[in-house]
Amino acid sequence: MGLTSHALPEDCGGGGARSAVTQALMAEELACGDLALALAILSPLLLSLPLADYGSDAQKQRYLPGLAGPDFRPGALAVAEPRFDSDALRPRTRARPEGKGYVLDGVKCLVPWLEGVPCVGVVAQDEDGPQIFLVDAEAEGLRAEPAQYMGLRALPLVELQLESVRLPRSARLGEGAGSDVAAILARGRVGLAALATGVARAAFELARDYAKQRETFGAPIATRQSIAFLLADLATEIDGLRLLTWEAAWRLDRGEDARREAALASQQAQRVVLEAADGAVQIFGGHGYVREYLPELLLRNAGGFAGFEALTLV
Amino acid sequence: MGLTSHALPEDCGGGGARSAVTQALMAEELACGDLALALAILSPLLLSLPLADYGSDAQKQRYLPGLAGPDFRPGALAVAEPRFDSDALRPRTRARPEGKGYVLDGVKCLVPWLEGVPCVGVVAQDEDGPQIFLVDAEAEGLRAEPAQYMGLRALPLVELQLESVRLPRSARLGEGAGSDVAAILARGRVGLAALATGVARAAFELARDYAKQRETFGAPIATRQSIAFLLADLATEIDGLRLLTWEAAWRLDRGEDARREAALASQQAQRVVLEAADGAVQIFGGHGYVREYLPELLLRNAGGFAGFEALTLV
Amino acid sequence: MAIDFELSQETRAARDYYHRMASEKMRPLSRRYDEDEHEPPQEWIDYYWREGRKQAPSGGGGDGMVRGCVQAEELCWGDAGLYLTMPVGALGGAAVLAAGTREQQTRFLSAFGGDGPPIWGAMAITEASAGSDSAAIQCTARRDDRTGEWVINGTKIFCTAGRQASLHPGGFVVVWATLDRDAGRAGIKSFVVPAGTPGMKLVGLEEKLGIRASDTATLTFEDCRVPDDHLLGSAEIKQRARGSGDKGFRSAMATFDASRPIVAAMAIGVGRAALEHVKRRLEEEGVEIRYDAPPRELTAIERDVMEMEAELQSARLLCWRAAWMMNQRRPNSLEASMAKAKAGRAVTRITQKAVALLGPEGYSTRSLVEKWMRDAKINDIYEGTQQINQLIIARRILDYPSSMLR
Amino acid sequence: MAIDFELSQETRAARDYYHRMASEKMRPLSRRYDEDEHEPPQEWIDYYWREGRKQAPSGGGGDGMVRGCVQAEELCWGDAGLYLTMPVGALGGAAVLAAGTREQQTRFLSAFGGDGPPIWGAMAITEASAGSDSAAIQCTARRDDRTGEWVINGTKIFCTAGRQASLHPGGFVVVWATLDRDAGRAGIKSFVVPAGTPGMKLVGLEEKLGIRASDTATLTFEDCRVPDDHLLGSAEIKQRARGSGDKGFRSAMATFDASRPIVAAMAIGVGRAALEHVKRRLEEEGVEIRYDAPPRELTAIERDVMEMEAELQSARLLCWRAAWMMNQRRPNSLEASMAKAKAGRAVTRITQKAVALLGPEGYSTRSLVEKWMRDAKINDIYEGTQQINQLIIARRILDYPSSMLR
């Protein structure tokens with residue numbers, strides 16, 4: 001559909017119009033529709049962007065044509081680990097050099113795993129620090145177990161068990177040169193901030209429309225300052241978050257180091273998305289608590305942003 | 001006036017009715033009147049309570065009669081230090097054993113220093129950890145320099161310079177046995193929480209009365225939900241803070257370790273007092289910003305609680 | 001004035017008893033009945049009916065409401081959804097106690113102490129277009145002078161335990177209906193509709209964010225007839241005395257004054273479950289909370305945990321104060337709303353923070369933290385939303401009638 | 001759609017210029033004029049009038065409002081109180097620009113570019129019983145048909161720079177007064193009252209929490225006469241067309257739309273001063289801010305500083321957006337209020353947090369942090385309180401007229 005391939009270089013079969021700002025806009029729009037669907041649609045970027053940036057020629061040739069082609073081909077990146085202090089830059093998943101390759105051991109979680117995913121980029125610690133390893137979905141020793149979370153129920157997510165997964169040296173992204181995982185994760189944080197903006201906006205718009213239509217004591221609840229000011233604050237916070245996100249993306253597009261901006265945007269994102277979803281549930285009252293309406297779904301999705309890592313990239 | 005002597009044991013000339021809960025009630029009431037005045041009136045407790053709890057017989061005989069007597073005799077305790085990471089339990093002020101006594105060096109700040117203060121308890125690090133040293137106001141090497149802060153303008157506060165202040169061994173509170181400074185400071189934290197409750201209540205009451213009387217667009221501003229709900233939240237938070245403070249004081253009266261409760265109460269206190277004072281300024285609008293009305297004074301006083309340490313004890 | 005935070009010995013015994021029950025009987029079922037949303041938790045119901053309620057410590061009166069709060073906290077620490085499925089009179093029973101005659105109380109409530117099969121009470125007040133605005137009730141009750149019966153017509157939503165109460169013989173639903181829509185609050189009365197009464201029909205069950213073990217029913221009443229003496233209170237509509245004559249409505253509100261501290265305590269139980277879980281996990285990971293470290297040395301987690309603890313304890317003390325005032329028969333509607341407002345918000349934040357602090361682990365259904373976040377949020381909504389409670393507090397502190405502040 | 005956060009080269013040059021001015025000319029005077037509250041900061045005024053305004057980079061137009069914001073931020077980073085004492089047209093000048101004819105603009109404003117002694121413009125709108133509620137203005141203007149003059153009577157409070165503007169010949173105060181109290185907003189008009197006009201009297205100066213270098217005056221007008229052509233806009237009262245005909249009032253509001261981004265930028269300058277101070281002190285103490293550490297490893301201080309930075313930058317971007325929209329001549333009243341509301345609140349919190357983070361050091365008058373906390377708070381109050389801006393935002397997003405949401 002072009003949504004995820006237009007950003008790839010032309011020699012990789014893409015549209016050659018790489019722009020983090022554009023990706024952020026797209027991520028917000030899609031997430032404003034539905035976060036799970038957005039993550040599914042955007043999943044090819046999880047592989048294609050790091051490949052485009054850091055992949056060796058052989059790696060690009062092998063994987064990119066599929067990801068940039070006319071058929072939808074999902075991608076997967078395994079960053080988070082199922083523990084209390086999951087730290088993307090210091091993964092406990094290890095890539096131990098052995099003979100002519102690596103042996104990977106560890107557990108990853110919150111990995112999007114759509115039907116037909118060809119391979120997954122696994123962040124693991126090797127002798128150079130955190131690096132990404134391209135592991136075929138069918139590799140021996142790799143087990144993808146469906147996992148359930150509070151939200152994102154419409155997205156197939158798995159916990160990945162890696163037990164002595166043997167890989168050739170050529171499976172390391174960028175091979176000898178490796179990749180800059182911190183920079184990739186900064187792109188993931190901006191992506192999360194954009195997704196959060198979308199979810200927050202969806203919550204705000206639902207709440208605003210409901211507040212105008214729902215009457216108590218003879219007047220729409222939006223005419224009460226407690227509701228109206230909550231909506232005003234949400235609108236302001238969401239706009240502020242969007243601008244922070246755009247600025248971080250814009251810096252990325254200029255080739256600047258945007259780790260600080262990405263960190264600030266994603267910190268704000270966690271707060272704002274939760275406030276917006278919680279606010280929508282509150283404004284919907286009892287109806288906000290039932291699955292017949294969307295706010296409860298938004299709250300369940302919003303509740304995960306503190307644990308999400310790189311579910312899309314910009 | 002009895003306010004500060006009734007808590008002392010009868011054999012020290014006091015009323016024998018020691019109760020942290022009563023002290024907390026008193027501190028709240030006085031601080032609701034005026035924080036600076038409250039600190040002045042309660043200052044004898046800064047010396048008399050630690051003396052009653054830890055003082056040697058000789059120390060009690062020397063100092064307590066004056067503090068418990070019919071005339072007001074101020075006290076002073078020097079805990080905070082003028083640096084960014086002032087830490088009461090790890091003071092940089094040192095008490096170095098030398099010969100038959102100690103030599104004190106360091107700087108203390110935010111020390112109440114009323115006319116006629118006989119001596120000051122200085123928290124300094126010695127070979128046993130943090131200890132309190134009773135230093136005569138006239139001691140050689142001790143210099144009290146008036147210091148100005150954002151608030152508390154009506155209270156004489158000084159920065160204490162200690163340069164090679166030589167003290168006999170008998171100047172250490174509790175002498176050989178020493179004192180439990182952490183426990184004394186926990187009493188100070190409960191005291192601060194009670195004072196904060198008083199300041200917050202003053203701000204709330206002013207704001208409530210003003211909101212009922214001030215009209216805009218033809219109605220009292222208290223009839224607008226944004227103002228009314230702010231007042232409702234402040235009332236709730238202040239009651240919650242008061243209960244936390246009372247509970248911590250009640251535990252102290254039962255002889256329990258209340259450091260955790262004191263820490264929680266003082267953490268809440270810092271937040272609530274600032275929210276209440278800021279809320280009062282906000283509700284007073286332009287009048288909240290001028291010195292003709294009290295909210296600005298309350299905000300300046302409230303702003304210091306994060307830096308205050310043991311300005312009264314319970 | 002004596003300030004004392006000590007629970008009575010009997011209440012402490014009750015706390016230990018309910019804590020064991022929560023830990024041994026409820027927690028093991030938590031995840032299952034969260035997932036099987038519309039399945040009644042039969043083993044829990046049976047246990048409670050056959051053993052749990054009978055072995056509960058009793059006596060040593062005087063602190064009844066505080067003990068009720070302690071019980072609610074412990075059991076909701078176990079599972080808030082399961083707590084709401086307990087075979088008890090619940091809000092229905094509370095309404096009978098608040099507005100019924102002694103004879104009605106005996107007639108409708110004694111079976112809850114009996115040895116038949118388990119039964120439930122429930123309260124049906126909310127309607128699609130009357131949420132916070134109870135005075136807008138459209139459900140009608142008309143007297144059939146021929147038979148002396150009340151004929152009820154209307155639809156009620158969000159009726160907690162409405163399925164159990166309407167289906168199992170012996171239980172009942174207290175339905176709020178108006179005798180005269182033009183009379184506003186004065187015309188609103190409550191009626192005891194026994195389970196199985198023809199015309200009362202369970203037409204739907206909500207699928208919810210949390211407290212999924214508990215059923216939230218939609219009930220319709222179509223020419224549903226109950227005998228004359230199923231009306232709680234008086235049938236008289238005090239004409240033109242809107243401000244003062246609405247006793248039926250007032251007794252509903254009195255029910256809320258009594259139930260709000262309990263709801264606050266329920267919230268606190270859920271929040272405590274999440275907080276304790278976080279603290280235990282931190283301990284397991286070797287992370288210590290240093291309570292007397294200077295603020296500038298704390299880690300973000302230490303400060304978060306301390307804030308969560310302070311918020312929870314502050315809510316708990318507000319809750320106990322409101323309950324203690326009820327025990328003293330003092331008016332407590334201000335304090336009850338403070339407790340409810342504070343607990344609902346504090347616990348919403350505490351559980352959201354708990355999920356965030358634990359990262360992917362907190363978000364996974366492998367632990368119960370994500371469930372507690374979902375369960376907690378109901379406390380900000382039912383029995384008066386956050387906003388309604390703020391309104392009540394504001395009116396009290398400003399001394400404004402409801403006409404001045406809406 | 002092009003999204004670009006790059007400031008133009010000229011604006012960056014202006015930023016550097018004003019930053020140097022702030023750092024070299026304002027900061028050294030900050031504490032002194034905070035303490036000597038009613039002493040005009042003569043050396044600063046003279047410097048600005050004789051050199052500062054003349055050497056300012058100019059040209060490269062198109063981003064005027066953004067540049068105004070950048071200038072305000074830099075100078076208020078220097079000192080917000082001193083910024084408000086600058087000899088400029090300020091809100092008085094803005095009112096003349098917004099509602100005056102071209103001839104009036106030339107007549108009243110050209111002296112600000114001249115070489116006489118320094119002069120000031122000011123705006124007098126607030127009254128004791130008309131704060132947020134500008135339409136309740138009681139100050140009257142009556143036409144003397146004999147002389148063709150306007151005769152103004154009333155008292156104005158909270159008039160920023162009102163002393164300087166009313167005393168120094170060449171300057172002026174724009175006074176808002178009603179031609180007809182019964183006409184509501186439609187009757188409200190603005191008048192240019194030159195400094196020294198008989199009948200205009202400085203009767204008081206406020207002692208304030210912060211921005212003490214700036215004078216906040218109470219001015220009385222007793223039969224104060226100004227010529228016919230000192231009225232800005234038309235004298236006509238559009239009868240009975242309250243919703244639409246209040247152009248005089250509207251131009252006041254338009255002034256606020258234009259001034260709010262500037263006020264937001266001023267707030268941001270103060271907040272940045274405090275934040276930079278905290279960061280520098282932390283650096284001096286060897287405390288590092290690790291931006292890409294996982295949240296669970298952050299210290300409380302690191303998280304606080306990151307939050308402060310994010311809040312400040314978010315406010316700054318909202319401010320620039322509102323300014324950029326003005327440059328594009330797009331309606332920006334929603335965005336201007338968002339910027340003002342966000343900046344006022346963010347900076348209030350940032351400066352309070354800065355004081356708290358630094359403990360006794362932050363509370364002491366030895367550093368400027370405590371002053372910045374006092375200065376910052378005005379931004380939550382003047383030019384529309386937090387509440388007024390929330391109201392404006394809410395009306396816009398809900399598409400409600402003011403009658404629906406008060």
Side-chain angles (χ1 to χ4, degrees), chain B residues 79-88 108-111 147-153 157 159 214-219 221 223-227 230 270-271 274-275 277-278 281-293 295-309, chain D residues 35 37 126 128-136 157-158 204-212 216 278 281-282 284-285 287 301 344-345 348-349 351-353 355-367 369-371 373-374 377-378 380-382 385-388 390-391 394 402 406:
Chain B
V79 185
E81 300 185 346
R83 52 196 175 89
F84 128 86
D85 54 350
S86 177
D87 179 352
K108 293 287 176 180
C109 68
L110 274 166
V111 184
Q148 281 227 317
Y149 298 92
M150 172 160 49
L152 294 183
R153 292 299 175 106
L157 286 164
E159 201 167 281
R214 171 83 178 169
E215 301 207 349
T216 59
F217 305 102
I221 60 173
T223 62
R224 321 239 175 252
Q225 279 192 346
S226 62
I227 304 293
L230 172 56
Q270 287 173 32
R271 177 179 65 78
L274 206 48
E275 280 176 13
D278 188 83
V281 169
Q282 200 63 37
I283 287 174
F284 271 69
H287 295 118
Y289 202 71
V290 299
R291 294 214 284 287
E292 194 180 338
Y293 297 88
E296 71 87 29
L297 180 145
L298 296 174
L299 182 57
R300 287 187 291 111
N301 287 346
F305 275 87
F308 294 162
E309 297 268 12
Chain D
E35 284 169 1
E37 184 156 10
T126 307
S129 56
S132 303
D133 184 8
S134 319
I157 62 172
F158 298 154
L205 291 174
E206 300 288 352
E207 297 189 294
K208 301 191 298 299
L209 173 61
I211 53 164
R212 291 184 183 163
T216 301
V278 167
R281 288 291 296 117
L282 291 176
E284 286 165 6
E285 301 283 341
V287 181
I301 287 189
R345 190 183 292 174
T348 294
R349 284 192 197 144
T351 53
Q352 289 175 355
K353 187 57 104 172
V355 168
L357 282 180
L358 296 174
E361 180 183 313
Y363 197 53
S364 157
T365 56
R366 279 220 197 121
S367 91
V369 178
E370 63 85 25
K371 174 181 184 294
M373 172 178 149
R374 293 184 283 108
K377 185 66 199 167
I378 193 61
D380 236 359
I381 296 174
Y382 69 4
T385 60
Q386 183 69 32
Q387 285 72 23
I388 289 294
Q390 284 174 307
L391 208 51
S402 54
R406 288 181 189 281

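Every chain is numbered from 1 and lettered A, B, ... according to where its sequence line falls, protein lines coming before strand lines.
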Open item on the list: Between D:Val278 and B:Phe84, is there a side-chain heavy-atom distance shorter than 4.5 Å?
Closed with: no
Open item on the list: Are D:Glu207 and B:Glu296 packed together at the side-chain level, in the sense that at least one heavy-atom pair is separated by less than 4.5 angstrom?
Closed with: no
- [ ] Give a yes or no on whether B:Arg271 atom CZ has more than 12 heavy-atom contacts from other residues, nucleotides or ligands under 6.0 Å away.
- [x] yes
Open item on the list: For D:Tyr363 and B:Phe308, take the angle between the two ring planes, folded into 0 to 90°, and tell me which bin it lands in: parallel under 30, tilted 30 to 60, perpendicular over 60.
Closed with: perpendicular
Open item on the list: Can you confirm whether D:Arg406 sits close enough to B:Thr223 that some side-chain heavy atom of one is under 4.5 Å from a side-chain heavy atom of the other?
Closed with: no
Task: Heavy-atom pair count under 4.5 Å with chain B, highest-scoring of D:Gly359, D:Gly362, D:Pro360, D:Ala356 - done: D:Pro360
Task: Euclidean distance, B:Asp85 CG relative to D:Glu361 CD, rounded to 0.5 Å - done: 9.0 Å
Open item on the list: Main chain of D:Arg374, side chain of B:Tyr289: is a donor-acceptor contact present, judged purely on distance under 3.5 Å?
Closed with: yes
- [ ] Would you mind telling me which of B:Ala80, B:Gly151, B:Ala219, B:Gly288 has the largest number of heavy-atom pairs within less than 4.5 Å of chain D?
- [x] B:Gly151
Task: Interatomic spacing from OG1 in D:Thr365 to CZ in B:Arg153 - rounded to 0.5 Å - done: 6.0 Å
Open item on the list: Does any backbone or side-chain atom of D:Thr216 lie under 4.5 Å from a heavy atom of chain B? Answer side chain, backbone, both or neither.
Closed with: neither
Open item on the list: Between B:Ala147, B:Pro82, B:Gly303, B:Gly218, who has the most heavy-atom pairs with chain D when the cutoff is under 4.5 Å?
Closed with: B:Gly303
Task: Interchain contact, D:Arg349 with chain B, by part (heavy-atom threshold 4.5 Å) - done: neither
Task: D:Gln386 versus chain B, the contacting section by heavy-atom distance below 4.5 Å - done: both
- [ ] Evaluate the side-chain proximity of B:Glu292 to D:Glu206: yes if any heavy-atom separation is below 4.5 Å, no if none is.
- [x] yes
Task: Spacing of B:Leu274 atom CG and D:Gln352 atom CD [to the nearest 0.5 Å] - done: 4.0 Å
Open item on the list: Heavy-atom pairs under 4.5 Å with chain B - which of D:Lys377, D:Arg281, D:Gln387 has more of them than the others?
Closed with: D:Lys377
Task: Under 4.5 Å from any heavy atom of chain B - which part of D:Ile301 - done: side chain
- [ ] Walk me through it: do D:Met373 and B:Leu299 pass the test side-chain contact (heavy atoms from CB on, under 4.5 Å)?
- [x] CA-CA 10 Å; D:Met373 172 178 149; B:Leu299 182 57; 4.0 Å; yes
Open item on the list: With a 4.5 angstrom heavy-atom cut-off, is it the side chain or the backbone of B:Glu309 that approaches chain D, or both, or neither?
Closed with: neither
Open item on the list: Between D:Tyr382 and chain B, with a heavy-atom cut-off of 4.5 Å, which part of the residue counts as in contact: side chain, backbone, both or neither?
Closed with: neither
Open item on the list: Taking every non-hydrogen pair under 4.5 Å, which of B:Ser86, B:Ser226, B:Gly286, B:Ala306 racks up the most with chain D?
Closed with: B:Gly286
Task: Nearest-0.5 Å distance, CD of residue D:Glu35 to CD of residue B:Gln148 - done: 6.5 Å
Open item on the list: Need one label for D:Val287: side chain, backbone, both or neither, based on atoms under 4.5 Å from any heavy atom in chain B.
Closed with: side chain
Task: Which atoms of B:Leu152 approach chain D - backbone, side chain, both or neither, heavy atom under 4.5 Å - done: both
Open item on the list: Before you tell me yes or no, could you show the steps for B:Gln282 and D:Arg345 under side-chain contact (heavy atoms from CB on, under 4.5 Å), namely the whole-Å CA-CA distance, both residues' side-chain angles and the distance that decides it to 0.1 Å?
Closed with: CA-CA 11 Å; B:Gln282 200 63 37; D:Arg345 190 183 292 174; over 6 Å; no
Task: Between CE on residue B:Met150 and CG on residue D:Leu209, distance to nearest 0.5 Å - done: 8.5 Å
Open item on the list: Taking side chain as everything from C-beta outward and backbone as N, CA, C, O, which of these in B:Arg300 sits under 4.5 Å from a heavy atom of chain D? Side chain, backbone, both or neither.
Closed with: both
